[in-house]
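Since we're looking at a predicted model, the values are computed, not measured. Numbering starts at 1 and runs along the sequence shown.
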Amino acid sequence: MVVNVQRLKGKIVEKENTQECVADAMGMNRTTFYRKMKNGGNGFTVGDIHKMITCIPLTKEEAIDIFFNQ
(Lines give C-alpha, C1' and ligand atoms only; values in the text may rest on other atoms or scores of the structure.)
Protein backbone atom coordinates (compact mmCIF):
# COMPACT_ATOMS: atom_id res chain seq x y z
CA MET A 1 0.00 0.00 0.00
CA VAL A 2 1.30 3.44 -0.91
CA VAL A 3 0.54 6.14 1.65
CA ASN A 4 0.95 9.82 0.83
CA VAL A 5 2.77 10.52 4.10
CA GLN A 6 3.33 14.23 3.40
CA ARG A 7 -0.39 14.77 2.75
CA LEU A 8 -1.23 12.76 5.88
CA LYS A 9 1.13 14.89 7.99
CA GLY A 10 -0.41 18.02 6.48
CA LYS A 11 -3.94 16.90 7.30
CA ILE A 12 -2.94 16.06 10.87
CA VAL A 13 -1.67 19.63 11.31
CA GLU A 14 -4.58 21.17 9.39
CA LYS A 15 -7.06 19.44 11.70
CA GLU A 16 -5.15 20.88 14.69
CA ASN A 17 -3.87 17.50 15.77
CA THR A 18 -0.40 16.05 16.34
CA GLN A 19 1.21 12.78 15.36
CA GLU A 20 1.59 12.01 19.07
CA CYS A 21 -2.12 12.46 19.71
CA VAL A 22 -3.03 10.37 16.67
CA ALA A 23 -0.74 7.54 17.81
CA ASP A 24 -2.20 7.70 21.33
CA ALA A 25 -5.78 7.74 20.03
CA MET A 26 -4.99 4.70 17.88
CA GLY A 27 -3.58 2.87 20.90
CA MET A 28 -0.24 2.64 19.13
CA ASN A 29 3.18 3.25 20.61
CA ARG A 30 4.42 6.63 19.38
CA THR A 31 7.74 5.14 18.26
CA THR A 32 5.92 2.53 16.19
CA PHE A 33 3.76 5.23 14.60
CA TYR A 34 6.80 7.37 13.73
CA ARG A 35 8.64 4.36 12.29
CA LYS A 36 5.69 3.48 10.05
CA MET A 37 5.41 7.10 8.89
CA LYS A 38 9.15 7.31 8.19
CA ASN A 39 8.89 4.05 6.23
CA GLY A 40 6.38 5.61 3.83
CA GLY A 41 3.33 4.28 5.63
CA ASN A 42 4.35 0.66 5.12
CA GLY A 43 3.11 -1.45 7.97
CA PHE A 44 -0.13 0.41 8.60
CA THR A 45 -2.99 -2.08 8.65
CA VAL A 46 -6.51 -1.48 7.42
CA GLY A 47 -7.50 -1.20 11.08
CA ASP A 48 -4.81 1.44 11.66
CA ILE A 49 -6.07 3.42 8.67
CA HIS A 50 -9.65 3.24 9.91
CA LYS A 51 -8.56 4.53 13.33
CA MET A 52 -6.63 7.41 11.73
CA ILE A 53 -9.61 8.37 9.58
CA THR A 54 -11.74 8.53 12.71
CA CYS A 55 -9.36 10.29 15.09
CA ILE A 56 -7.81 12.92 12.76
CA PRO A 57 -10.72 13.12 11.32
CA LEU A 58 -10.56 12.70 7.54
CA THR A 59 -13.32 12.89 4.97
CA LYS A 60 -13.86 9.98 2.61
CA GLU A 61 -12.22 11.94 -0.21
CA GLU A 62 -9.20 12.87 1.93
CA ALA A 63 -8.76 9.26 3.04
CA ILE A 64 -8.90 7.97 -0.53
CA ASP A 65 -6.39 10.61 -1.64
CA ILE A 66 -3.96 9.78 1.19
CA PHE A 67 -4.24 6.00 1.48
CA PHE A 68 -5.44 4.65 -1.86
CA ASN A 69 -4.15 6.85 -4.71
CA GLN A 70 -0.91 5.91 -6.38
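Note that the SG atom of C21 and the CD1 atom of I12 stand 10.0 Å from one another [nearest 0.5 Å]. Annotation: the span from M52 atom CE to L8 atom CG amounts to 6.0 Å, rounded to 0.5 Å. Atom CD1 of I64 sits about 11.0 Å away from atom CD of E62, to the nearest 0.5 Å. One distance of note links NZ of K9 with CD of Q19; it measures 5.5 Å at 0.5 Å rounding. Put simply, CG on N69 and CG on N4 are 8.5 Å apart, with the number rounded to the nearest 0.5 Å. Remark: K51 NZ to F44 CZ distance equals 11.5 Å, nearest 0.5 Å.
The heavy-atom pair separating V22 from C55 by the smallest distance is CG1-SG, 3.8 Å. Taking all atoms of both residues into account, the shortest heavy-atom contact from I53 to A63 is CD1-CB, 3.6 Å.
With hydrogens and angles disregarded, no donor-acceptor distance shorter than 3.5 Å links the side chain of K15 to the backbone of I56. Between the side chain of N29 and the backbone N or O of D24 there is no donor-acceptor pair closer than 3.5 Å. Between the T54 side chain and the H50 main chain, a donor and an acceptor come within less than 3.5 Å of each other.
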| task | List the steps and the verdict of side-chain contact (heavy atoms from CB on, under 4.5 Å) for E20 and Y34. | result | CA-CA 9 Å; E20 295 88 359; Y34 288 131; 2.5 Å; yes

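Screening residues 37-46 for side-chain hydrogen bond (donor to acceptor under 3.5 Å, both in side chains) gives T45-D48 as the qualifying pairs, with residues at least two apart or on separate chains.
For E14, the salt bridge (charged side-chain N to carboxylate O under 4.0 Å, His left out) partners at least two apart in sequence or on another chain are K11.
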